[in-house]
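In what follows, chains carry the letters A, B, and so on, assigned in the order in which the sequence lines appear, proteins first and then strands, with residues in each chain numbered from 1. Source: prediction; values computed, not measured.
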Amino acid sequence: MKEEYNFKEVEAQWQQYWEEEQVYKSEIQDKDEYYVLEMFPYPSGNLHMGHVRNYSLGDVFARFRRMEGYNVLHPMGWDAFGLPAENAAIERDIHPNDWTWDNIENMKEQFKMLGLSYDWEREVATCHPDYYRWTQWLFLQLYKEGLAYKEKSVVNWCPSCQTVLANEQVIDEECERCDSQVIDKELEQWFFKITDYAEQLLDDHHLLEDWPQRVKTMQKNWIGRSEGAVIEFAIEGSDEALEVFTTRPDTIYGATYMVLAPEHPLVEELVTGTDQEEEVKEFIAQIKEQDEEERTGSDSEKVGIDTGIKAINPVTEEEVPVMIANYVLMDYGTGAIMAVPAHDERDFDFAKKYDLPIRVVIQPEDEELTAEQLEEAYTEDGVVVNSEILNGLSVDEAFDKIIAYLEEEGLGQKEVNYKLRDWLISRQRYWGTPIPIIYCDDCGIVEVPESDLPVELPTDVEFTGTGQSPLAKAEDFIKTTCPECGQEAEREVDTMDTFVDSSWYYLRYTSPDFTESAFDSKRANYWMNVDQYIGGIEHAILHLLYSRFFMKFLHDQGYVDYKEPFGDLLTQGMVLLDGAKMSKSKGNIVDPLEILDNYGADVARLFILFAAPPERDLDWSDEGVEGAERFLNRVWRLVAQNIDQLKDVTGDFEITTDADKKLHRQLHVTIKDVTVDVGERKQLNTAISAIMELVNSAYKYLNDVQELNYQLLRAVVEKIILVLAPFAPHMTEELWSQLGFEDSVHQQSWPEYDEEAIKKDEITIVIQVNGKVRDKVEVAADISEDKLKELVKKQDNVQRYLEGKEVVKEIVVPQKLVNLVVK
RNA sequence: GCCGGGGUGGCGGAAUUGGCAGACGCAUCGGACUUAAAAUCCGAUGGGACUUUCGUGCCCGUGUCGGUUCGAGUCCGACCCCCGGCACCA
């Protein structure tokens, strides 16, 4: 055995072995399953450090659980539809299909070089007709249940990508992908009715105990549930009524005016023919010209206009003016509000500016508010005043009472509102899953029969780069016959948002060969849910919320038992260089292929797992990589330098000396630490440092001890190899075989630790005087408390502090510490 | 503004239940091996004062200020700073 480790040879050799022997193949067995999943990548063709981190993390968990005896499912695939393929087609004249499949082949090669333990027989690619056929099938299931619908609406349009974006894909009025300014456009679009699941998506967070709190919080904010009431305000001189949504019905007696959104549908009807008509229309036109940020940003100036119309406050029966203002949004609630300036900051600002009446209806306990003296809205709790039937009640009591009253009088009812909007899934792109819908002049919107799926993407299309989707011009694709009446009809030319593809892939992995449906319920119920899901925090809302929605829908349809797709979620931090996100445009990239070439996969994996805990951002460090290399070489030499003696060992070890005992104890401490760190705490950095300590101890033993106990040493070396195996799969495999074993190290059982071996006979007791450490003493672990108290007082350094003082209290923490309190 | 996470040596980071702060690694310094270098191995490394006592000794130290406690990086209160999310959502 050579003293120098040749990673190139060893890594290639074992990768080939794993593939040939199908070491990571998974099938249903009569034992506990464990599903480890990393978010599948877009096949850009370039492996980057984020991938290395994500997939190394997942691989450690998969290998660890396998050794623990679980039947592990660890699949990989490709989120293969999307815009970059089309751009490549335009820029480089390569068909998106060819470009994508070339990239997949490339990246798969690179993934294999990392030594990742995937069952490649389960590979899926969302752009393959065998996959998107079932994406289309899922669309049809949603359509049948009324959860997919088409509607004309104002949408976010990215002029550069020439497509519609979901609300979630718009960041600060800009396209999340290309940063172009997003504009409004009115189009007929397909939506998924995710709002039907708003309540469940929120409620079921309680099932997700192992999710990071911040992900749940982000989703909660996004769903934006608020409880309140819808209340009707009659309009003076009209049969129409205005409905408002409010979360503070308890303040209704303080509602001194109303505000409508400029787009409110009743505005036009109500002002037409009045004196204010022209003024109001001009104002609305002005507002519409403002961009979104200017108009609705939280620090935008509030502007409005009096319509001259009067409404009737349903409880006070007073006339109140109806205003139009930019601070009321049409797409939330009813697009109209009752304004309570005394108790709402926005209404207060607006009322001050336009000199509208203010009436205090909530009084705090400790001071007396008056409308004249009020300098800001009072939004806290208090006692209701000036409110007839509500007077004297608390805010909570008034809330319930007024709703009951309004419901009785037929003036309103309790209602829950959400910020969550339906999911717009239409994209005016070519490289995506075609929406399986046909338009017939007579029959209208007709679904493609399930037996006709997949609606295949035509390959013979033109990429002009003019922006219009190539599908919209593919005559052969568009022209079809109506499945219902047989006459000429046209296909839908939009494709689906790629988030639809990725909302169910985790189910497809459980039965990728299934031809009767999207997945085999029997197999899905065996493997699901995903026990450990790992990916970037950037998917906290979009992908994770959509996947949860799909899972719930499929659950409700009886296709799968679970309600939630992902049990435990680990959101890994970014890989940075000099504190900044690696990016091509900035030129601060560390190429994983270079690292693989110079150091090998085991070093790359070990460094990236050791440098920071999984959830935190990680700064790349060349020196750190060398440290990882140094450590692995140290492990290698530990075996190589002693291979002859280690190989010849027979029989079990016996512990005779103190040095033996110490090493043996360290061995069990390490096994325990690694087991807990990987299995429970998911802190792989500390798991690795525990292994490093054991290796250091083994070296110390070799250096310090004359009569080496090779039986013990062999046991230690074996265990080092086993616990290191999930992290450095290639080197450990080679070392395992060098020790004479014939089976793969990755098919061994995870070593067990013995609590008895961890116990010490002699323990160090820390002695404090008045809470400060003054001495330490070695004592037998089973020493009595009285003896210990006596002993600590005899220590030289302790005596110095006791001299001339009186011990007033003695605190003994068993096995750890004695604190003497003196005066 | 609201919500969430965080602030520990020169650096990345440990400290599991309130009980030795700084594990492990990097960097640096010293030593061994070598003709030399690399590699490797051994040792030192939070700050400070003390020099007739160089220590198994002393003082300070986990963003700031205060509190609880025999004892606080850890718990409580107030504040400062950094990162992320949301932001006129009635």
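- At whole-Å resolution of the value, CD in E538(A) and P in G85(B) are 11 Å apart.
- When the side-chain nitrogen and oxygen atoms of N696(A) are compared with OP1 and OP2 of A23(B), none of them lie within a distance under 4.0 Å.
- Between Y354(A) and V303(A), the shortest heavy-atom contact is OH-CA, 3.4 Å.
- Nucleotides U8(B) and U64(B) have their P atoms positioned 10 Å apart, rounded to a whole Å.
- Under 3.5 Å, the side chain of Q768(A) and the base of G19(B) form at least one donor-acceptor pair of N or O atoms.
- Listed candidates were C41(B), A90(B), U16(B). Nearest to the side chain of R637(A) is C41(B).
- In this structure, D673(A) reaches the bases: a heavy-atom distance under 4.0 Å links it to at least one base atom across the strands shown.
- For K772(A), the listed nucleotide lying nearest its side chain is C60(B); candidates were G19(B), C24(B), C60(B).
- As judged by a 4.0 angstrom heavy-atom cut-off over every strand, T686(A) is placed among residues touching the sugar-phosphate backbone only.
- Using a 4.0 Å cut-off between charged side-chain N and carboxylate O, K682(A) and E615(A) make no salt bridge.
- Comparing the C1' positions of C33(B) and U40(B) gives a spacing of 9 Å, expressed to the nearest Å.
- In this model, no donor atom of one side chain and acceptor atom of the other lie less than 3.5 Å apart for S226(A) and N417(A).
- Among the atoms of the strands shown, none is found under 4.0 Å from any heavy atom of V244(A).
- In terms of phosphate contacts, R634(A) brings no side-chain nitrogen or oxygen within less than 4.0 Å of OP1 or OP2 of U40(B).
- Between G771(A) and T217(A), the residue whose closest nucleotide on RNA chain B is further toward the 5' end is T217(A).
- Between the side chain of N819(A) and the base of C70(B), at least one donor-acceptor pair of N or O atoms lies under 3.5 Å.
- Using cut-offs of 30° and 60° for the angle between ring planes, the W636(A) and Y5(A) rings count as tilted.
- Of the C1' atoms belonging to G19(B) and G13(B), the separation is 23 Å, rounded to the nearest Å.
- Between the side chains of R630(A) and N633(A), no donor-acceptor pair is found at a separation under 3.5 Å.
- Counting any heavy atom pair closer than 4.0 Å across all strands shown, V766(A) reaches a base atom.
- Using a 4.0 Å heavy-atom criterion, one finds that D617(A) contacts the sugar-phosphate atoms exclusively.
- Within the structure, every side-chain polar atom (N or O) of N633(A) is placed at least 4.0 Å from both OP1 and OP2 of U40(B).
- Applying the 4.0 Å criterion to OP1 and OP2 of A90(B), one finds that S226(A) has a side-chain N or O inside that range.
- Checking U35(B) for Watson-Crick or G-U wobble geometry (two distances, each under 3.5 Å) identifies no partner in any strand.
- The listed nucleotides are U16(B), C42(B), A90(B); the one nearest the side chain of N703(A) is C42(B).
- Comparing the same atom, P, in U56(B) and in U62(B) gives a spacing of 26 Å after rounding to whole Å.
- Taking 90° from 0 as the syn/anti boundary, the base of G85(B) is oriented anti.
- With rounding to whole Å, Y699(A) atom OH is found 16 Å from C24(B) atom P.
- L788(A) places its CG atom 14 Å from the C1' atom of G19(B), with the value rounded to the nearest Å.
- Between Q795(A) and U56(B) there is no side-chain N or O to OP1 or OP2 distance below 4.0 Å.
- The side chain of F610(A) sits closest to G25(B) out of G25(B), A90(B), A23(B).
- Between C58(B), C88(B), C24(B), one nucleotide has an atom nearer to the side chain of K302(A) than all others, and that is C88(B).
- Residue R774(A) places none of its side-chain N or O atoms closer than 4.0 Å to OP1 or OP2 of U56(B).
- Whole-Å rounding puts the L702(A) CG to U40(B) P distance at 17 Å.
- Atom pair D619(A):CG and G10(B):C1' shows a separation of 15 Å (rounding to whole Å applied).
- For K809(A) against C70(B), a side-chain-to-base donor-acceptor contact under 3.5 Å is absent.
- In this structure, of C20(B), C58(B), A27(B), it is C58(B) that holds the atom nearest to the side chain of Y801(A).
- On the P atoms, G57(B) is 31 Å away from C41(B), given to the nearest whole Å.
- At whole-Å resolution of the value, CG in L577(A) and P in G12(B) are 15 Å apart.
- When the C1' atom is used for both U69(B) and G77(B), the distance is 16 Å, rounded to whole Å.
- Per the geometry, CH2 belonging to W620(A) stands 13 Å off C1' belonging to G12(B), to the nearest Å.
- Within 4.0 Å of G333(A), counting heavy atoms only, lies no atom of the nucleic acid at all.
- K816(A) comes within contact range of the sugar-phosphate backbone alone, with a heavy-atom separation under 4.0 Å but no base atom that close.
- In this structure, a donor-acceptor pair under 3.5 Å is absent between the side chains of N313(A) and Y253(A).
- Note on R616(A): every side-chain N or O is 4.0 Å or more away from OP1 and OP2 of G5(B).
- Along RNA chain B, the nucleotide nearest A261(A) and the nucleotide nearest T764(A) are compared for position; the residue whose nucleotide lies closer to the 5' end is T764(A).
- Atom CD1 of I691(A) is separated from atom CG of L724(A) by 5.0 Å, given to the nearest 0.5 angstrom.
- Ranking C24(B), C70(B), A90(B) by closeness to the E693(A) side chain, first place goes to C24(B).
- Across all non-hydrogen atoms, the minimal contact from N54(A) to G535(A) is OD1-CA, 3.8 Å.
- Within the 4.0 angstrom heavy-atom criterion, only backbone atoms of the sugar-phosphate kind lie near N685(A); the bases stay farther away.
- Closest heavy-atom contact between N685(A) and F610(A): CB-O, 3.4 Å.
- Residue-level contact check: K700(A) touches the backbone only, with heavy atoms under 4.0 Å from sugar-phosphate atoms and none from bases.
- The side chain of D344(A) sits closest to A90(B) out of C20(B), C70(B), A90(B).
- Using C1' as the reference atom, G4(B) and A87(B) are 15 Å apart when rounded to the nearest Å.
- Here the separation of A49(B) from G31(B), taken at their P atoms, is 25 Å to the nearest Å.
- Salt bridge status for K288(A) with E263(A): absent, with no side-chain N to carboxylate O gap under 4.0 Å.
- In this structure, R214(A) does not reach the C86(B) phosphate: none of its side-chain N or O atoms is under 4.0 Å from OP1 or OP2.
- In this structure, P613(A) reaches the sugar-phosphate backbone alone: every heavy-atom distance under 4.0 Å involves primed, P, OP1 or OP2 atoms, never a base.
- Comparing atom distances between the N797(A) side chain and each of A21(B), G57(B), U40(B) picks out G57(B) as nearest.
- When heavy atoms are screened at a 4.0 angstrom cut-off, Q683(A) is found touching the sugar-phosphate backbone but no base atom.
- Per the geometry, CD belonging to Q815(A) stands 15 Å off C1' belonging to U17(B), to the nearest Å.
- Side-chain proximity of R630(A) to the nucleotides G25(B), U40(B), G12(B) is greatest for U40(B).
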